[in-house]
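Only one structure is covered here, and it is reproduced in the block below.
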Amino acid sequence: MTTKNFKFPDNFLWGGATAANQLEGAYDVDGKGLSIADAMPGGKERFKVLADSHYNFDINPDKYVYPNHEGIDFYHHYKEDIALFAEMGFKVYRFSIAWSRIFPQGDEFEPNEAGLKFYDAVIKECLKYNIQPVITISHYEMPLNLAKKYGGWKNRQLIEFYERFADVVLSRYHKQVKYWMTFNEINSALHFPALSMGLVPSNGSENFKNIFQAWHNQFVASSKAVKIAHELNPDLAVGCMVIYTTTYAFDSNPVNQAAAMKQNQEFNQFCADVQARGEYPAFTRRMMKEHGVVWEDLDIRDEDLALLKKYPVDYVAFSYYMSSVEDKTNNPDNKITGNLMGGVKNPFLEASDGGWQIDPTGLRIALNELYNRYQKPLFIVENGIGGYDKVDTDGSINDDYHIAYLDAHVKAIAEALEDGVDLMGYTPWGCIDLVSASTGEMSKRYGFIYVDLDDNGEGTLDRRRKKSFYWYKDLIGRNGIELEAEY
Ligand code: BGP
């Protein structure tokens with residue numbers, strides 16, 4: 001087989017991604033308030049608990065474990081961890097700021113200085129190694145009080161609270177940090193509103209009117225953050241962030257093709273259209289109607305629409321883990337699980353242990369679809385495979401499945417660059433092992449760096465380089481990859 005060496009652009013942003021609630025720990029230290037993530041139990045029961053009609057972000061330590069409370073204690077290990085990122089050659093490190101460290105209850109007027117000091121130190125440490133921070137302002141971790149007292153994002157007052165939070169962090173860090181994102185995986189809410197909207201059945205998640213209202217409030221809040229950022233410095237780059245799940249029709253039956261089109265609109269395009277184009281897409285009213293919601297019943301004001309139009313995002317960031325298949329005709333019972341998504345099994349793909357279908361070509365397609373739709377720079381800010389690693393007797397961790405997954409996806413990225421896509425960078429998810437968002441487990445690992453900690457919080461917290469650590473270091477160092485000559 002003939003191969004060619006593909007070179008990535010010189011300024012390509014290689015790095016890794018994490019979220020505060022999944023790794024920092026120190027959940028009640030230095031004035032931090034509780035966040036909704038602190039109230040989500042760990043383990044495979046997590047989704048079931050969140051779906052219970054009585055659950056209202058209550059914390060019940062007698063019954064459940066809460067691995068996020070300790071995370072991997074990045075709060076006290078950040079120097080060691082960032083040094084390891086630097087050793088791999090990271091150009092960027094994507095992390096989020098825990099809102100409840102800065103505004104413990106979410107509705108205060110003055111920020112918590114001790115919380116800000118922590119991020120001062122993290123940013124300083126990154127810059128020491130010429131690692132540029134990429135900050136997600138809100139990643140699945142709003143202050144608990146905003147969910148309990150205000151009912152989550154369906155309440156318009158949240159816009160004001162978020163604006164205050166965004167203003168504080170942007171004003172403090174705009175000189176050191178160029179790249180920002182407003183909300184993590186904003187489109188996940190249709191399937192799972194608890195994490196990003198603070199909505200569970202007991203405060204209205206089952207009424208789609210609340211979901212669309214919450215989204216609208218988030219879109220407005222996002223545009224306000226873009227406005228603040230650009231007023232501070234027009235060169236700051238603020239992105240939206242969506243989960244992208246490349247969607248195929250089961251076959252050429254037009255009914256299935258239309259189902260795939262609709263799924264694409266609802267899941268992949270709706271939020272990014274509003275945030276990147278600055279207006280609701282043409283299919284909005286129909287999509288709302290199909291969920292029993294009428295546009296006129298929502299609190300969507302003219303000044304909101306003007307703000308959305310005036311302050312769209314500068315780039316489109318997304319997570320990509322898998323693709324999905326739409327099938328309206330066969331009704332097969334081979335349903336699969338996935339990253340918040342169900343779907344039908346794709347006979348051409350293999351799946352991870354957790355049932356996520358592995359599809360590198362789907363990433364090339366995603367990049368082309370997104371770029372051709374928005375014509376804005378893209379940023380892959382999450383990608384990876386969660387697996388169950390074991391430490392060999394000599395202490396090594398041979399995570400070949402992890403390398404194989406990432407290698408195939410990096411090749412697909414190279415092909416998309418050849419297709420002409422404008423891609424800023426690549427930050428694989430969970431560059432250091434951390435607590436899973438969907439299961440709250442430690443044992444589902446994505447990292448290049450292994451952390452000695454189990455699902456019950458037992459372990460030394462020692463960090464170890466996995467085999468993939470050296471693979472990634474080599475890739476970044478070469479800034480290139482061997483591709484088959486014909487793709
Ligand atoms: C995304 C989230 C992340 C992350 C990742 C992996 O949806 O933005 O926070 O956790 O998925 O998912 P999980 O941890 O459930 O394996």
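Just follow the structure's listing: the first ligand is 1, and inside any ligand the first atom is 1. Source: prediction; values computed, not measured. What you see below is based on every heavy atom in this structure, not just the backbone, and it leaves out hydrogens, waters and symmetry mates.
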Query raised in the report: With ring centroids as reference points, do F118 and Y78 lie under 6.0 angstrom apart?
Result: yes
Requested in this report: Just jot down the ring-ring contact (aromatic ring centres under 6.0 Å, His included) partners of F469, sequence neighbours excluded, or say none.
Outcome: none
Query raised in the report: Hey, which atoms in ligand 1 end up nearer than 4.0 Å to a heavy atom of E185?
Result: 1 (C), 2 (C), 7 (O), 8 (O)
**Report entry** Passing candidate, side chain to side chain donor-acceptor pair (under 3.5 Å) with N383, options Y446, Y405, W429, Y320
**Finding:** Y405
Requested in this report: Could you pull out all residues at least two apart from N268 that satisfy side-chain hydrogen bond (donor to acceptor under 3.5 Å, both in side chains)?
Outcome: N264
Query raised in the report: Is the charged tip of R445 near the ring of Y450: under 6.0 Å from the six-membered ring centre and within 45° of its axis?
Result: yes
Query raised in the report: Can we call the ring centroids of F183 and Y162 under 6.0 Å apart?
Result: yes
Report task. Please state whether N184 comes within less than 4.0 angstrom of ligand 1, counting heavy atoms only. Result -> yes
Query raised in the report: ligand 1 versus A437, non-hydrogen atoms closer than 4.0 Å: side chain, backbone, both, neither?
Result: both
Query raised in the report: Of all the atoms in ligand 1, which lie at a distance below 4.0 Å from a heavy atom belonging to K444?
Result: 13 (P), 15 (O), 16 (O)
Query - Candidate pair S196 and E185, rule side-chain contact (heavy atoms from CB on, under 4.5 Å), full reasoning - result: CA-CA 8 Å; S196 59; E185 295 191 336; over 6 Å; no
Query - Backbone or side-chain N or O of T439 under 3.5 Å from ligand 1 N or O - result: no
Query raised in the report: Any nitrogen or oxygen of W356, main chain or side chain, under 3.5 Å from a nitrogen or oxygen of ligand 1?
Result: no
Report task. Could you go through the side-chain contact (heavy atoms from CB on, under 4.5 Å) check for F318 and L367 one step at a time? Result -> CA-CA 10 Å; F318 67 103; L367 284 159; 3.6 Å; yes
**Report entry** ligand 1 contact by F192, heavy-atom criterion under 4.0 angstrom
**Finding:** no
Report summary line: Closest to atom 5 (C) of ligand 1 by heavy-atom distance, out of Y321, Y140, Y446, is Y321
Query raised in the report: What are the atoms of ligand 1, with element, lying closer than 4.0 Å to any heavy atom of S438?
Result: 13 (P), 14 (O), 15 (O)
Query - For S436, the ligand 1 atoms whose distance to one of its heavy atoms is below 4.0 Å - result: 13 (P), 14 (O), 15 (O), 16 (O)
Requested in this report: Check each atom of ligand 1 against the heavy atoms of H139 and keep those under 4.0 Å away; list them by number with element.
Outcome: 3 (C), 8 (O), 9 (O)
